[in-house]
Protein chains: 2
Amino acid sequence: MSKRTEKTIVDIAEELKLSVSTVSRALNNHPNISTRTKEKVKKMANKLGYRPNAMAAGLRNNKSRTIGLVVPRISMFFPATISTVIQNKLHEHGYHVLICQSNDSLEQEIALAETLYSTRIDALAVSSTLYTTDFSHFDIFKDNNIPLVFFDRVPKDYKVKVVKGDDYLGGYTVTEHLIEKGCKDIVHISGPLTCSLYTERVAGYKNALRKHKIPFKKSRIFYQELTKENALQACEKIFARPPYPDGVFAANDTTAITILEYCRKKNLRVPEDIKIVGYSNDPRAEIITPSITSVDQFPAIMGERVAKALLELLQQPGAPQRYSEELVPIQLIERASSAAPVSTSKTTVKKKAK
Amino acid sequence: MSKRTEKTIVDIAEELKLSVSTVSRALNNHPNISTRTKEKVKKMANKLGYRPNAMAAGLRNNKSRTIGLVVPRISMFFPATISTVIQNKLHEHGYHVLICQSNDSLEQEIALAETLYSTRIDALAVSSTLYTTDFSHFDIFKDNNIPLVFFDRVPKDYKVKVVKGDDYLGGYTVTEHLIEKGCKDIVHISGPLTCSLYTERVAGYKNALRKHKIPFKKSRIFYQELTKENALQACEKIFARPPYPDGVFAANDTTAITILEYCRKKNLRVPEDIKIVGYSNDPRAEIITPSITSVDQFPAIMGERVAKALLELLQQPGAPQRYSEELVPIQLIERASSAAPVSTSKTTVKKKAK
DNA sequence: GTATTTTATGCAAACGTTTGCAATTTTCGG
DNA sequence: CCGAAAATTGCAAACGTTTGCATAAAATAC
């Protein structure tokens, strides 16, 4: 085991009786260096086991070739998929990605912004906390003209590049779908309104109701963090007494699944007695019985777009960042949980096939 | 928008008519600095919007306060959970975590080792590719005494710190469980043997068979990357002609789920006709019908242990790294897919309840 | 009030690169 | 073979910190 003696370009230079600048340029394929010396240098670099010191280069160039990525958590399907794509894509272009989790804590998000700035990341992509309404902790990046892209959970009144799903359309589509399948009393379990994407889905929900002349009832909408526990609590309220709703639009699949299981326990048949639609098309939605209708948000596409946006901004340093919003399409994936027509109460009780 | 003028400690020093060294020490709470100047300095730092430059500090100190994490992919439940935990834990101690994906490509893994070394990470944790048998691309870290910890997918003959699940016990437990539930002909879908954890599970499988005097048949074991497509191909072979097996031990849950769905299509009843057990306790295993028996590997615990190991090594720089293996326990989670006793062929055909 | 210890601050080098500019060597036209 | 242009290489400063050592200031002892 050799003592920790990192080889540097000066070692190469000494060995070869060249100047460090020549060695540096040779390693970076600078056109002014003859091919002969380039070869010599690279050979020696190999021989000595030289590895460039990214910090030294970064300090000199004032760039780290690292980009930051802040997401609520990487153990959830949707952000995990996006992160994967962004990471792979940027890696192809020689960038590292520092994936950080805010754990949906505003405090942590603020701290992350600070320390990510300290590492002098070249760009930042963020999907914010559920509770972030003030985005000023990202001002440092804007002010210093560091590429900044928000995705999915994006700010409302903060001028910055944005890549998001078409949440209004999503909310509208789901609700209309349920109405078309015969639902007349649709509950919506939404995330907290501090997060703009939920307000948009709610808007879609309301507009679909209005269009189909179904009265909107405040008591039929819930705003909460979309956890299993909260979903169960909502169920307790919803099914405390009749009339039960005949449709549920859950703003994520964890909630949809929880409600489905609750209904099973209550001997409510899905979809005959009540239809359920989720959101995000989590892999679980497909395999549960009955399979759950959901909305595909195409996380891979979103990831691609974010990566592309970042790369474009990185390619044109100094160019002022313009506000722009990019919409990633959504698609309703119809499955069993919202399939059959609603049985008129107590009449046709077809035996469920499989 | 201010021009990009990063404030540095020299700016603070000039403003305060102090030397840079004093400012540096003040910001780092060096004991030799009077509290009065410390306060003054910090105040001014705030006022100027100073943010430390991690690269400069890193260059000087020869440490980056960043640790590397190499996993096959972060979009899979098990590594995602581990990564989450490691990241959060290390972050508490002021470290950044550079999460990288090898995408199960040896080539990418090698490249990652190289570039991670270039960033001068302070430590490295890796769960290797399915196909990594030669680990010499990690020698740089060993040779330079940089903390190196492997987890889950660990090397066989490479002396290094290791945190892994008890895969032998897992294989044994699952197989014995199936036998106890009445299975006499158990197929095992294993990952490729290049990955040591699968060889151990296979060993467990074989030993359980032997102990219970069930002959091992080579034709009943499959070695393949555990994807859905491969699982389907295996199914085609397995169910090409009778006799069909009465038990399947799948080395991950994706495979178990695929087989379950295949059996449903073939009108084979699970668990009456055939029992299925998966591995890793993916969230999907719980919600599918019938729910699938699986093996919990406690990813959160594994993550904790890895983080702890890294931190310990980081705390004692220079100490020679010893080889050591830490076993994380496993637990069989019994569910419906392996529950009921095997129906003797064609006799009692109880209607499956729900 | 001086000598000595303790406390607080400053100087300057170092970390490993990159790069503008100057210097040197090579090439080539005439 | 000379001079000028082109190609190659070298010098030295800079990036923003940290830190060993020296120095200055304050506190303490006598």
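As the structure is a computational prediction, the values presented were derived from the model and not from experiment. Chain A is the first sequence line, chain B the second, and so forth, proteins listed ahead of strands; every chain is numbered from 1. All heavy atoms count here, side chains included; hydrogens, waters and symmetry mates do not.
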*Take atom CG of B/Asn53 and atom P of C/dC15, then tell me their distance rounded to the nearest Å.*
18 Å
_Assuming nearest nucleotide by heavy-atom distance, tell me which of A/Asn28 and B/Ser21 is located more 5' along DNA chain C._
B/Ser21
*Determine, for B/Phe151 and B/Lys161, whether the Lys NZ or Arg CZ falls below 6.0 Å from the six-membered ring centre while staying within 45 degrees of the axis.*
no
*Return no unless some side-chain N or O of B/Asn61 is found under 4.0 Å from OP1 or OP2 of D/dT19.*
yes
*asked:* Quick check: on DNA chain C, is the nucleotide nearest B/His30 upstream (toward 5') of the one nearest B/Ala56, or the reverse? Name the residue that is more 5'.
replied: B/His30
*asked:* With a cut-off of less than 4.0 Å, is there a side-chain N or O of A/Ser34 near OP1 or OP2 of D/dT8?
replied: no
*In whole Å, what is the span from the CD1 atom of A/Ile33 to the P atom of C/dT19?*
13 Å
*Using modelled atom types only, decide if a donor and an acceptor are shared between the side chain of A/Arg153 and the backbone of A/Ser127 within a distance under 3.5 Å.*
no
*How many Å lie between OH on B/Tyr117 and C1' on C/dG16, as a whole number?*
13 Å
*Any side-chain N or O of A/Thr22 less than 4.0 Å from the OP1 or OP2 oxygen of D/dG10?*
yes
_Residue whose closest nucleotide on DNA chain D lies nearer the 5' end, B/Tyr50 versus B/Arg25_ = B/Tyr50
*Considering just the side-chain nitrogens and oxygens of B/Thr37, establish if one lies under 4.0 Å of OP1 or OP2 belonging to C/dT9.*
yes
*Nearest-Å distance for atom pair CD1/P, residues B/Ile9 and D/dG16*: 10 Å
*Starting from C1' on D/dA14, measure out to CD on B/Glu6 and report it in whole angstrom.*
15 Å
*Would you classify A/Thr8 as touching base, sugar-phosphate or nothing, given that sugar-phosphate means primed atoms plus P, OP1 and OP2, and contacts are heavy atoms under 4.0 Å?*
sugar-phosphate
*How long is the line joining CZ of A/Arg36 and P of C/dT27, in whole Å?*
11 Å
*Contact class for B/Lys17 (heavy atom, under 4.0 Å): base, sugar-phosphate, or nothing?*
sugar-phosphate
*Establish, yes or no, whether a centroid distance under 6.0 Å links the rings of A/Phe150 and A/Phe135.*
yes
_A cation-pi test, strictly: NZ or CZ of A/Lys7 under 6.0 Å from the centre of the six-membered ring of A/Tyr50 and no more than 45 degrees from its axis. Yes or no?_
no
*Would you classify B/Ser24 as touching base, sugar-phosphate or nothing, given that sugar-phosphate means primed atoms plus P, OP1 and OP2, and contacts are heavy atoms under 4.0 Å?*
base
Counting only pairs under 3.5 Å, give me each side-chain donor-acceptor contact of residues 74-83 of chain A, with atom names and distances, residues two or more places apart or in other chains.
unit_1: A/Thr81; atom_1: OG1; unit_2: A/Phe77; atom_2: O; d: 2.8
unit_1: A/Ser83; atom_1: OG; unit_2: A/Pro79; atom_2: O; d: 2.7

*In whole angstrom, give the distance that lies between atom CG of B/Leu27 and atom C1' of D/dT19.*
15 Å
*Where the side chain of A/Val10 is concerned, which of C/dT17, C/dA8, D/dG16 is the nearest nucleotide?*
C/dT17
_Nucleotide C/dG10, atom P - distance to CG of B/Leu18 in whole Å_ = 5 Å
*asked:* Side-chain N or O of A/Ser19 versus OP1/OP2 of D/dG10: is the shortest distance under 4.0 Å?
replied: yes
